[in-house]
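Small disclaimer: the values here were computed from a predicted structure and weren't measured.
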Amino acid sequence: KARKETYMRYINELREGDNVSEVYLCKVKNIAKTKAGKTYYSMILQDKTGVIDTKIWDLNNGIENFEQMDYIRVEGNVTSFQGSPQLNVRRLRKAREGEFAMEDYIPCSSKSIDGMFKELSSYVNHVQNIYLRQLLVAFFGDKEFAAKFKAHSAAKRVHHGFMGGLLEHTLGVTRMCDFFAKSYPILNRDLLLTAAMFHDMGKIIELSSFPENDYTDAGQLLGHIYIGAHLVENSCDKIEGFPERLKRELVHCILAHHGELEYGSPKKPALVEAFALNFADNADAKFQTLIELMSGDEENLDWLGFQRTLDTNLRRTGK
């Protein structure tokens, strides 16, 4: 339905001290207690520009019943907690029909989805190894898989947590791996590019589609690294004559792409291509995290506060 309002206060526009009266999607709703034993709601609200930590300290006045994944109209004010904005809600009710449009609440890549997929497909077409190219075409040439891959996010939060995020991140990693392969002849380009294009494919099963974009049961129990490696290994076995050694090397790159056991990889890199994939994956994820943290008021050169995802305090560079 079309929105009645002509202007929406998007989350990335909110600043400390702002008073807010707007509709947002309640992405997460938790019931918690203060140290004094008073019950409050701890929530994450979302629109297409991002999320904001939200609290309802007083549940007795002006708060109507609502559930997680409801669209809610909130009134409150923006404060700051540990360097990040926090919305404190005074009044809340479920949004009515006509008060919101879903496209305002689903974050999407700023880049062309079709354009990115076309570029990724060009990498597929330039893989020389007949077995690896056949494997890539089996996935990226499948319309159903391609549609899911193009619409999916690469994360629940942190980086690339938007529609097209999985495609944008995969393309970024693939570009970087292509640069590595051209710069360092020790690398097997076909193996590295194939691993780059497949490294996060398990996320189409690990995470649900929008607007939920949350961990599925399979995601919680298995994780995208195992899921992706399992899908690739099974598909290799369906291709007649697929070399066993090449299959093991490709699966290893996927299993090791987080680099360290404590970061979720069941294996540490043991191939130079696995190291290269880990470097590219980490670099693209970190740059996108920085982009998202520093989006908004680009003229503000103040310190942004301690950022737990990067374990450091951040400040923009003056121009």
>> Go through it in stages, so that I can follow the logic: the residues are K247 and E244, the test is salt bridge (Lys or Arg N to Asp or Glu O under 4.0 Å), and I'd like the CA-CA distance, side-chain angles, deciding distance and then a yes or no.
In response: CA-CA 5 Å; K247 179 181 74 173; E244 191 69 22; 3.2 Å; yes
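- Between I225 and P266, the shortest heavy-atom distance links the atoms CG2-CD, 3.8 Å.
- Residues N213 and H152 have side chains that never bring a donor and an acceptor to within less than 3.5 angstrom of each other.
- At a threshold of 4.5 Å between non-hydrogen side-chain atoms, the residues E13 and D18 do not count as touching.
- D58 approaches I63 most closely through the heavy-atom pair O-CG1, 3.6 Å.
- Counting heavy atoms from C-beta outward, N30 and Y41 have side chains that stay 4.5 Å or more apart.
- Put simply, the side chain of D178 reaches to within 4.5 Å of the side chain of K182, judged on heavy atoms.
- Here the shortest heavy-atom pairing between H257 and D200 reads NE2-OD1, 3.2 Å.
- Y24 has its ring centre no less than 6.0 Å from the ring centre of Y105.
- No side-chain heavy atom of L25 sits less than 4.5 Å from a side-chain heavy atom of D47.
- For an aromatic pair to be called close, the ring centres must be under 6.0 Å apart, and F139 with F198 satisfies this.
- Within a 6.0 Å sphere centred on NZ of K268, heavy atoms belonging to other residues, nucleotides or ligands number 12 at most.
- You'll find the side chain of V51 stays beyond 4.5 Å of the side chain of K27, heavy atoms only.
- S265 places a side-chain N or O within donor-acceptor distance of the main-chain N or O of L255, the cut-off being under 3.5 Å.
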>> Apply side-chain contact (heavy atoms from CB on, under 4.5 Å) to residues M69 and E212 and explain how you reach the verdict.
In response: CA-CA 7 Å; M69 300 310 299; E212 289 85 2; 4.0 Å; yes
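- Counting heavy atoms from C-beta outward, R90 and N77 have side chains that approach closer than 4.5 Å.
- At most 12 heavy atoms of other shown residues, nucleotides or ligands fall within 6.0 angstrom of atom OH in Y263.
- The two residues Q68 and K29 make their nearest non-hydrogen contact at OE1-N, 2.9 Å.
- Taking each heavy atom of H224 and H199 in turn, the nearest pair found is CD2-O, 4.2 Å.
- Note on V272: it clusters hydrophobically with M176, by side-chain heavy-atom contacts below 4.5 Å among ILVMFWY residues.
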>> If you apply the rule side-chain contact (heavy atoms from CB on, under 4.5 Å), what do you find for L135 with L250, and how did you get there?
In response: CA-CA 11 Å; L135 181 66; L250 176 58; 3.5 Å; yes
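- Under the 4.5 Å side-chain contact rule for hydrophobic residues, M116 and I204 share a cluster.
- Residues V28 and M43 form no side-chain contact, since every pair of their non-hydrogen atoms from C-beta on lies 4.5 Å or further apart.
- Side chain of T194 to backbone of L132: no donor-acceptor contact under 3.5 angstrom is found.
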>> Apply side-chain contact (heavy atoms from CB on, under 4.5 Å) to residues L246 and E249 and explain how you reach the verdict.
In response: CA-CA 5 Å; L246 181 60; E249 291 172 344; 4.2 Å; yes
> Can D114 and K150 be said to form a salt bridge (Lys or Arg N to Asp or Glu O under 4.0 Å), step by step?
Replying inline: CA-CA 8 Å; D114 290 337; K150 289 193 286 187; 3.6 Å; yes
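- When atom types are taken as modelled, the side chain of S208 and the backbone of T216 share no donor-acceptor pair closer than 3.5 angstrom.
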>> Could you walk me through whether E119 and K111 satisfy the salt bridge (Lys or Arg N to Asp or Glu O under 4.0 Å) test, starting with their C-alpha distance in whole Å, then the side-chain angles of each, then the deciding distance to 0.1 Å, before giving a yes or no?
In response: CA-CA 12 Å; E119 184 178 346; K111 302 179 174 101; over 6 Å; no
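- Taking hydrophobic clusters as Ile, Leu, Val, Met, Phe, Trp and Tyr residues chained together by side-chain heavy-atom distances below 4.5 Å, L231 shares a cluster with F140.
- The environment of CG in N65 is sparse: at most 12 heavy-atom neighbours from other residues, nucleotides or ligands sit within 6.0 Å.
- Pairing each heavy atom of D284 with each of G172, the nearest pair is OD1-CA, 3.7 Å.
- Residue I227 is not grouped with residue V173 when hydrophobic side chains (ILVMFWY) are merged at heavy-atom distances under 4.5 angstrom, including chains of intermediate members.
- In terms of hydrophobic clustering, with Ile, Leu, Val, Met, Phe, Trp and Tyr side chains grouped at heavy-atom distances under 4.5 Å, Y123 and Y184 are assigned to different clusters.
- Taking the ring axis of F162 as reference, the NZ or CZ atom of K48 does not stay both within 45° of it and closer than 6.0 Å to the ring centre.
- Using a distance-only test at 3.5 Å, with no hydrogens or angles considered, a donor-acceptor pair links the side chain of D190 to the main chain of N129.
- Here the side chains of I205 and L222 are not in contact, with every heavy-atom distance at 4.5 Å or above.
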